[in-house]
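Computed from heavy atoms alone, side chains included, the values below leave out hydrogens, waters and symmetry copies. So that the names make sense, note that chain A is the first sequence line, chain B the second, and so on, each numbered from 1. Keep in mind that what you see is a predicted model, and the values were worked out from it rather than measured.
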2 protein chains.
Amino acid sequence: MHKMNSKNKTFIDKLRSSGLRPTNQRVEISKFLFNRKKTFHFTVEELKNSMNFKRSKKISTATFYNTVHALKSAGHLKEFSLENNTSYYDTNIKSHHHFFDNGKVIDIKSDKITFQKLPDAPKGKKIKNVEVVIRLENNN
Amino acid sequence: MHKMNSKNKTFIDKLRSSGLRPTNQRVEISKFLFNRKKTFHFTVEELKNSMNFKRSKKISTATFYNTVHALKSAGHLKEFSLENNTSYYDTNIKSHHHFFDNGKVIDIKSDKITFQKLPDAPKGKKIKNVEVVIRLENNN
DNA sequence: ACATACTTTAGAATAATTATAAAGTAGTTA
DNA sequence: TAACTACTTTATAATTATTCTAAAGTATGT
Ligand SMILES: [Mn+2]
Ligand SMILES: [Mn+2]
Ligand SMILES: [Zn+2]
Ligand SMILES: [Zn+2]
């Protein structure tokens, strides 16, 4: 008694090609994360609550953590931090920048910010990437 | 039986002028944090371990947390996050940028980075500050 | 010295995350 | 399809970072 629609196929392939067995839980989580137009920024708790809210058969906390870590390792998610002690994940894996607006995170495309001056990497090192955070506050 | 040297005076004043009673613990912690030439980036655990290592009379964990929070509220420390679930603190309270090199954090003075292009803040918002993280990796 | 508010402390509590190990499932092979 | 095996899910325990609690201690004003 499995639901199957044409969307799932995409995620099954995505998981398989990353060496992850496309279990029901992983497919559901992938669909929830990646089947949307805009970038999704989330914590594991938020993901768990919003997915499990409507489900009769809940997915376990450990599976949410396991799956998010697996997707991160496979390069489908990026991890980042705000100024609290929780990990956030980003469905936009391209190098890009962020607005932080009281806990709300908004993507800034890489080409929206360019530099006039950037320091050289210390000797023996090179630059892996450059990410900018623009913190916002309310006007007036 | 209090040790007192001319350095402590500075920190006593600093604490008093921030509305914090200059207790022994706070003075010791302030001296440890601020009596150095270079910026210090640390977690509360790191601070606790390095200060308590040599002391016979240990300062309690709660006091390290309390004092770091108090110093942050007073504007003498800034909090930031790496990609783990621990708060880091920065003795450099000026707006500035960072190199991240495998967990090691190095300051970049604000004027070492300038922008050619920056996005506008969404309407109703304004930019509070802009901080850049340059992630490093080893050469070759 | 006394009073009082603030501070320190040990220990309990909480939140996010990771570890454990038993039960379940996917992919493979007979 | 049945059996096999490696991988996955799950409930639960453990860990880590941090905050809370409330009792004992201390700084400051009088
Ligand atoms: Mn955590
Ligand atoms: Mn934490
Ligand atoms: Zn993003
Ligand atoms: Zn710094």
Take the protein atom [atom1] of [X] and the nucleotide atom [atom2] of [N], then report the distance between them rounded to whole Å.
X      : N       : atom1 : atom2 : result
H69(A) : dT18(C) : NE2   : C1'   : 8 Å
L20(A) : dC7(D)  : CG    : P     : 12 Å
F64(B) : dT7(C)  : CZ    : P     : 17 Å
F11(B) : dA27(D) : CZ    : P     : 19 Å
N85(A) : dA16(C) : CG    : P     : 7 Å

Base, sugar-phosphate or nothing for T63(B)? Non-hydrogen atoms, less than 4.0 Å.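 Counting heavy atoms under 4.0 Å across all strands, the contact made by T63(B) includes a base.
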Among N129(A), D111(A), D107(A), T39(A), exactly one meets side chain to side chain donor-acceptor pair (under 3.5 Å) together with H96(A). Which residue is that?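 Result for side chain to side chain donor-acceptor pair (under 3.5 Å) with H96(A): D107(A).
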With a distance cut-off below 6.0 Å to the six-membered ring centre and an angular limit of 45° from the axis, does K14(A) pair with F34(A) as a cation-pi contact?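 Flagged: K14(A) positioned over aromatic ring of F34(A).
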Here's one to test your reading of the geometry: is the NZ or CZ of R36(A) within 45 degrees of the ring axis of F40(A) and under 6.0 Å from its centre?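 The answer is yes, since R36(A) meets both limits relative to F40(A).
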dT25(C), OP1 or OP2 - any side-chain N/O from Q25(A) closer than 4.0 Å?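 It does not, given that no N or O in the side chain of Q25(A) lies less than 4.0 Å from OP1 or OP2 of dT25(C).
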Can you check whether R26(A) has a side-chain N or O nearer than 4.0 Å to OP1 or OP2 of dA26(C)?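 For dA26(C), OP1/OP2 do not have a side-chain N/O of R26(A) under 4.0 Å.
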Could you point out which residue of K78(B), K72(B), E46(B), H41(B) forms a side-chain contact (heavy atoms from CB on, under 4.5 Å) with Y89(B)?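 So the option named by the test is K72(B).
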Positions of residues 47-58 of chain B (non-hydrogen atom under 4.0 Å from DNA chain C), listed by number: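 Output list: K57(B), K58(B).
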Over 12 foreign heavy atoms within 6.0 Å of CG, N139(A):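 Yes, enclosed.
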Name the residue closer to the 5' end of DNA chain C, choosing between P22(A) and T43(A) according to the nucleotide with the nearest heavy atom.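 Upstream on the strand: T43(A).
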